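Read through the structure below, which is laid out as structure tokens, and then see the notes.
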Amino acid sequence: MSAESQEQVIRIGTRRSKLALKQVDLIMAELSAVHPGAKFEVHPIATMGDKDKVTPLPQLGKGLWTNELEAALVQKEVDFIVHCLKDMPTSVPAGCLLGCVTKREDPRDVVIFSARHGDKYKKLADLPAGSVVGTSSVRRAAQLRRWYPGLEFKDVRGNIETRLQKCDDEELGYDCIILAAAGLHRMNYNARIAQYLESGTEGGGMLHAVGQGALGLEVRENDERILSMLKVVEDTPTMMAGFAERSLLRTLEGGCSVPIGVETTWLDGEEEDGGRKLKIVATVVSLDGKRFVDGEMVQEVASLAQADSLGKKLAQDLVDRGAQKILDEINKVRAGPGAVKLGDVTVNATAAPAV
Ligand SMILES: NCc1[nH]cc(CCC(=O)O)c1CC(=O)O
């Protein structure tokens, strides 16, 4: 980065939540350590998902966490955006680029029990039938209905602090809520975490959202000055894993947004050509949790193109093994007016991507 360009203020677009602002602080600290002369300006922008705290997420449509930020980027009001990668739709507007993915925080989902229960429960399997789980994510609800059919699910909106307050509010009746470990770790709420959920969790686990735990930095595609600066915070293994996960979601999304979970793991050991093998596990679950298609693939990945190809291949395998029927069912809901009952679940049309 040249000396004169260090004088230009670099404007960073972000959502307004405390988590989003904390994430920008983390990025600025890393960039400043390498570019001590760089000057930054933080531009918090409210998105639809922030403004509308009442409507259940599935009714807010795609881009609910990103549209207003991307408009500011395209209009050159900001120079790059710090997103939670999982909030980014699988395609970006013309002229924009997912320029950098950072080192992943813990990608798992976690269980937070209501404070009114004290230490009574240690894990989801301890909850009696009829207990109420708070989540706005169809991905989380669908997977947990599969393993814990006796639990009830209720929407919970708001930022981390708001959802923790609602979880503890006796009048709202939540017994627990499900959040991402990454947000809680970044905001120092680790002490509230009762259980981490992953593919191998005893009693039934959860595959996380595509991109969960990583930050996606979006830039204008020809802005070499910013792109080269952001190399400082780029993490190649996470970027490749994120590209494979996003490719899977993009392929499955064909005509709809589906409750899918993923888990990517870099396997130990290097191949002869120095490449490494990436394992990707994924699941597509019906909204009532009663039908599902699970799959996994391992492939050497040494480029974003190979990561993209791995995601596509697994998505096609899931579709070929029956995921298409689940997708079509959800598609029908998307197309139809009003609410439709799918198994035991009443779903509203025009649902957004499951997070
Ligand atoms: N819009 C919800 C959202 N987007 C990113 C995170 C967590 C942080 C991350 O995944 O990096 C969350 C909160 C949650 O799912 O609990």
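Since this is a predicted model, take the numbers as computed values, not measurements.
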Is there a donor-acceptor pair closer than 3.5 Å between any side-chain N or O of [X] and the backbone N or O of [Y]?
| X | Y | value |
| --- | --- | --- |
| Gln23 | His83 | no |
| Arg157 | Asp52 | yes |
| Glu68 | Met48 | yes |
| Thr251 | Ser247 | yes |
| Arg11 | Lys76 | yes |
| Ser17 | Ala20 | yes |
| Lys18 | Asn159 | no |
| Thr102 | Glu234 | no |
| Glu41 | Val9 | no |
| Arg104 | Met239 | no |

For the pair [X] and [Y], find out whether any cationic side-chain nitrogen is under 4.0 Å from an anionic carboxylate oxygen.
| X | Y | answer |
| --- | --- | --- |
| Asp169 | Arg116 | no |
| Asp317 | Lys313 | no |
| Arg192 | Asp168 | yes |
| Arg108 | Glu198 | yes |
| Asp175 | Lys120 | no |
| Lys53 | Asp50 | no |
| Glu296 | Lys279 | yes |
| Glu202 | Lys123 | no |
| Asp109 | Arg139 | yes |

Quick check: closest heavy atoms across [X] and [Y], and the distance to 0.1 Å?
| X | Y | answer |
| --- | --- | --- |
| Met88 | Leu98 | SD-CD1, 3.9 Å |
| Ala209 | Glu245 | O-OE1, 4.2 Å |
| Ile81 | Val78 | CG1-CG2, 4.3 Å |
| Val132 | Gly173 | CB-O, 3.4 Å |
| Ala241 | Leu278 | CA-CD2, 4.1 Å |
| Tyr196 | Ala181 | CE2-CB, 3.9 Å |

### Message
To the nearest 0.5 Å, what is the distance between CD1 on Ile160 and CD on Gln165?
### Response
12.0 Å
Shared hydrophobic cluster for [X] and [Y] (ILVMFWY, side-chain gaps under 4.5 Å):
| X | Y | result |
| --- | --- | --- |
| Val262 | Leu207 | no |
| Tyr174 | Leu179 | yes |
| Ile280 | Leu267 | no |
| Leu248 | Val101 | yes |
| Met229 | Leu73 | no |

### Residues Asp328, Lys325; criterion salt bridge (charged side-chain N to carboxylate O under 4.0 Å, His left out); working and verdict
CA-CA 5 Å; Asp328 292 345; Lys325 188 169 182 305; over 6 Å; no
## Note on the structure
When Asp25, Asp79, Ile12, Ile27 are each screened for side-chain contact (heavy atoms from CB on, under 4.5 Å) with Phe40, the one that passes is Ile12
### Message
Cys96 and side-chain contact (heavy atoms from CB on, under 4.5 Å): which single residue from Val74, Val219, Asp223 fits?
### Response
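Filter result, single survivor: Val74.
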#### Entry: Close aromatic pair by centroid cut-off 6.0 Å: Tyr121 and His117
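Yes, close enough.
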### Residue Gln75 excluded, over 12 heavy atoms near CD under 6.0 Å
yes
